[in-house]
Amino acid sequence: MSLTKEQIAQRIAKELKSGYYVNLGIGIPTLVANYIPKDMHVVLQSENGLLGMGPFPYEGAEDPDLINAGKQTITTVPGSAFFDSALSFGMIRAGKVDLTVLGAMEVSDSGDIANWKIPGKMVKGMGGAMDLVASAKNIIVAMMHTNPKGESKLLPACTLPITGVRCVKKIVSDLAVLDVTPEGFKLLERAPGVSVEEIVAKTAGKLVVEGEIPEIML
Amino acid sequence: MSLTKEQIAQRIAKELKSGYYVNLGIGIPTLVANYIPKDMHVVLQSENGLLGMGPFPYEGAEDPDLINAGKQTITTVPGSAFFDSALSFGMIRAGKVDLTVLGAMEVSDSGDIANWKIPGKMVKGMGGAMDLVASAKNIIVAMMHTNPKGESKLLPACTLPITGVRCVKKIVSDLAVLDVTPEGFKLLERAPGVSVEEIVAKTAGKLVVEGEIPEIML
Amino acid sequence: MNKVVANAADAIRDIQDGMVLMLGGFGLCGIPENCISALVEKGVKELTCISNNAGVDDFGIGLMLQKKQVRKMISSYVGENAEFERQLLSGELEVELIPQGTLATRCMAAGYGMPAIFTPAGVGTEVAIGKEVRNFNGKDYLMEYAFEADFAIVKAWKGDTHGNLIFKDTARNFNPLMAMAGKITIAEVEELVEAGSLDPNQIHTPGIYVHRIFQGKDYQKRIEQRTVRKN
Amino acid sequence: MNKVVANAADAIRDIQDGMVLMLGGFGLCGIPENCISALVEKGVKELTCISNNAGVDDFGIGLMLQKKQVRKMISSYVGENAEFERQLLSGELEVELIPQGTLATRCMAAGYGMPAIFTPAGVGTEVAIGKEVRNFNGKDYLMEYAFEADFAIVKAWKGDTHGNLIFKDTARNFNPLMAMAGKITIAEVEELVEAGSLDPNQIHTPGIYVHRIFQGKDYQKRIEQRTVRKN
């Protein structure tokens, strides 16, 4: 059984450590916030200028001056701080954010990522994605292993215009958990009931499989 | 009669315009603040992080957290703002400060200034002087025309290590008011009773004297 | 030192066709609503607008796009805007996309008098084309130039008659950065107070960067993505 | 996320001989008095200290100089300090003088992840020797590198348990800049409060930059130049 989007988020949450400052991208990454253990202290950064992002507001308590990078109304938690966009990307660039979780359209086996542009389609812009991938010290990508046609999104080289080079450290897909290593993707865990053979078949980039591959524990 | 230090400051104050942001260096420049007309609104910048510097505090009201760049206890005026040293020099570098008044040991006829170091003597450091002279859009130098030995401090080229190149726009000395022009020092005004001949004799750098030279009005 | 002007129309009186404007805000959060309305009213054209986003169809910079006042947008993300898309595809509108952190830092660089900055954002991507790449400590960086604008137009929460500004929450975003980068900077504020009313320790933008200020009115403050949890 | 340590001794526990330290403050204003005392107590030696000034004979960094703990000072102005002068002339102490704005901006650059910045300060002077000069728009600039330190030690007015800091008046100076530039940043504060007690709009240094924080005690806050006007 491949993981649901929620389960991908849940698995990524296991990478968190208490004391981490974390930036969660739009989409699956946002869901990671729902799986932070109650006794763990993680501070969420929103690149539009907030450290200490809280959950969505209760109905009627929405504040138009308080949104996240996805333009959603949010709240703050105690100990939060607001700042301008330059300082926000400054702390990202300086490596102060411990973990960045992003979605991707393609990842190459050398860690390149493509997630901002599809030639021929209306280009909306890269937003903060290029800054994040170029600067973050630890990037986990949350993605589907294949596209709707069943083609691998883990490639020898990205076919789409890239967002950043050699930056992805780990991938959590619906099928597997993989590290990006100098030897290529390294299979660490497989989704419950998904065979190593299936993952091998659906991974176009270089894939290293060593020893017994355990199932993902949620 | 050559001008006193107070009179040099008084003459420089005539260069101020309402709405000016001004940085006053240590020494004679500091005295300029005493001659700002009451009906003129000038904001004083102190490069340690303050816009809106006021006079010295009344006795007993000194606050160790509130000093100027000369480390003197000061006060603020309404509308003041505090900021860090990077933003302070940022606004200087960006040309937002309208006028900078500095002391000098030597000025060359191309506008170079030396005011931070005497070889053989203990070097204290340049503080913010190099930033100020390199960035200010309008620099007036307040200085004695000659050194205690009677030698000119307005030179063809600085003999002391320079603080900045081609930056001084105007000089108010105890003897004269001069502009720095592409042709060299241009004599604009002379101290009351001081002859043009005396100024010529005491100016080692190139000096342009055209027409009648009026006396300084205070 | 009193920088107060009567209203948005007065503040933007000398903005002319073909000028480069910076407009603060992130999405619809913290945008200078009053000045945008006044620009639409004035009908000034052929503008280059530097703004993180391009508004929505019927609000923010979208209103200026409807009137075809914008020749070029410089943004990091232009979002969902049908008229924008139409003009872009028809060639009426030019768009330059810039990484968000680069955009922010280029504005800041102008305010700090730094002609260029280095950032790794975009290295190895099409953003790097034609740009100088430089390696520091084993990592590649792009050299990006400071951004200046004829006018920077920002929205603050509170401001005083000397132009000191305080922003609220994430409505701060690009506003203080663009405020530093305008040859002329216009600030519209929700609450304008006398100089001396604001705590000098809490000023986000010192007044030296602000040339004109006025108290805005009728703020709509639209929410783009209203997300809530159940009570 | 609780970054509170017991006291200065605990905060500096792992500072070792030969390390590079940044110390906030301008003159004696806003200096980390408690940590300086603890460093003197600990007796750690061969330090490189990046600080705008070097204290006075019997206060601030002067106390560390008395104990010959400093190998190198990197400052913009070293002021009036007899022991400093003696060590400098005898060759016990090395001094690197840097323009004040350059010093501030190099610290800031580290906090912003920018490896180098451009400034006109020092162009054509001995400060420029060996440095890259680059012309932008007809003006020459020096390229100056970002400054990092093993430990940055700053003093704030208020701070919370998450490390968020607020500075007071001109005691802000270099403190927030150095706070951003430490591999490990220690903040001593006059008043330490629970996370949530400070207004998130008024934070000068977001806690992400601060690793250890404690409430200092017995602040002397000496005044270097007491200047007053008559009542």
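In what follows, every heavy atom counts, from backbone to side chain, and hydrogens, waters and symmetry copies are set aside. Proteins get letters first, then strands, A, B, ... in listed order; numbering begins at 1 in each.
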Q) Taking the side chain as C-beta and beyond, is there a heavy-atom pair between A/S46 and C/T170 under 4.5 Å? A) no
Q.
Using heavy-atom distances under 4.5 Å, tell me whether C/E190 contacts chain A through its side chain, its backbone, both, or neither.
A. side chain
**Q.** Which portion of A/F89 sits near chain C, non-hydrogen atoms under 4.5 angstrom
**A.** side chain
Q. Between C/E126, C/E224, C/M108, which shows the greatest number of heavy-atom pairs under 4.5 Å with chain A?
A. C/E126
Q) Hey, is NZ on C/K131 packed in by over 12 heavy atoms from elsewhere, all under 6.0 Å? A) yes
Q. Within a strict 4.5 Å, meaning less than it, do heavy atoms of the A/M126 and C/T125 side chains meet?
A. no
Q) Taking side chain as C-beta onward, heavy atoms only, is C/L97 less than 4.5 Å from A/W116? A) yes
Q) Checking C/N53 against chain A: side chain, backbone, both or neither under 4.5 Å from a heavy atom? A) side chain
Q. Quick one: of C/L28, C/N175, C/I98, C/N81, who has the most non-hydrogen atom pairs under 4.5 Å with chain A?
A. C/I98
Q. Looking only at heavy atoms, what is the nearest atom pair of C/F26 and A/N68, with distance?
A. CE2-O, 3.9 Å
Q. Out of curiosity, C/R172 CZ to A/L50 CG, how far, rounded to the nearest 0.5 Å?
A. 10.5 Å
Q: Give, as side chain, backbone, both or neither, the part of A/D112 having an atom under 4.5 angstrom from any heavy atom of chain C.
A: neither
Q.
With a 6.0 Å cut-off (strictly less than), is the heavy-atom count around NZ of C/K217, excluding the residue itself, greater than 12?
A. no
Q: Look up atom CG in A/N48 and atom SG in C/C29, then write down how far apart they are to the nearest 0.5 Å.
A: 7.0 Å
Q.
More than 12 heavy atoms of other residues, nucleotides or ligands under 6.0 Å from NZ of A/K137: yes or no?
A. yes
Q | Atom CG of C/N135 with >12 non-hydrogen neighbours under 6.0 angstrom | A | yes
**Q.** Residue pair A/P57 / C/T227: nearest heavy atoms and the distance that separates them
**A.** CD-O, 3.2 Å
Q: Select one option (side chain, backbone, both, neither) describing which atoms of A/V123 are under 4.5 Å from chain C's heavy atoms.
A: both
(Q) Could you report the tightest heavy-atom contact between C/P176 and A/D84, atom names first, then the distance? (A) CG-CB, 3.7 Å
Q) What distance do A/L66 atom CG and C/K168 atom NZ have between them, rounded to the nearest 0.5 Å? A) 7.5 Å
(Q) Would A/M130 and C/T102 count as a side-chain contact (heavy atoms from CB on, under 4.5 Å) here? Give the steps. (A) CA-CA 9 Å; A/M130 283 192 182; C/T102 303; over 6 Å; no
**Q.** 4.5 Å side-chain heavy-atom contact, C/F84 and A/M122
**A.** yes
Q. If you tally heavy-atom pairs under 4.5 Å against chain C, which of A/A114, A/G127, A/A86 wins?
A. A/G127
**Q.** Check: A/K71 and C/Y77 side chains under 4.5 Å, non-hydrogen atoms
**A.** yes
Q: Select, from A/G60, A/P55, A/G128, A/P64, the one with the greatest count of heavy-atom pairs under 4.5 Å involving chain C.
A: A/P64
Q. For chain C, which residues from residues 160-183 of chain A lie under 4.5 Å away (heavy-atom distances)?
A. A/P161, A/I162, A/T163, A/G164, A/V165
Q | Which portion of C/F167 sits near chain A, non-hydrogen atoms under 4.5 angstrom | A | neither
**Q.** OG1 on A/T76 to CG on C/D169, rounded to 0.5 Å
**A.** 7.5 Å
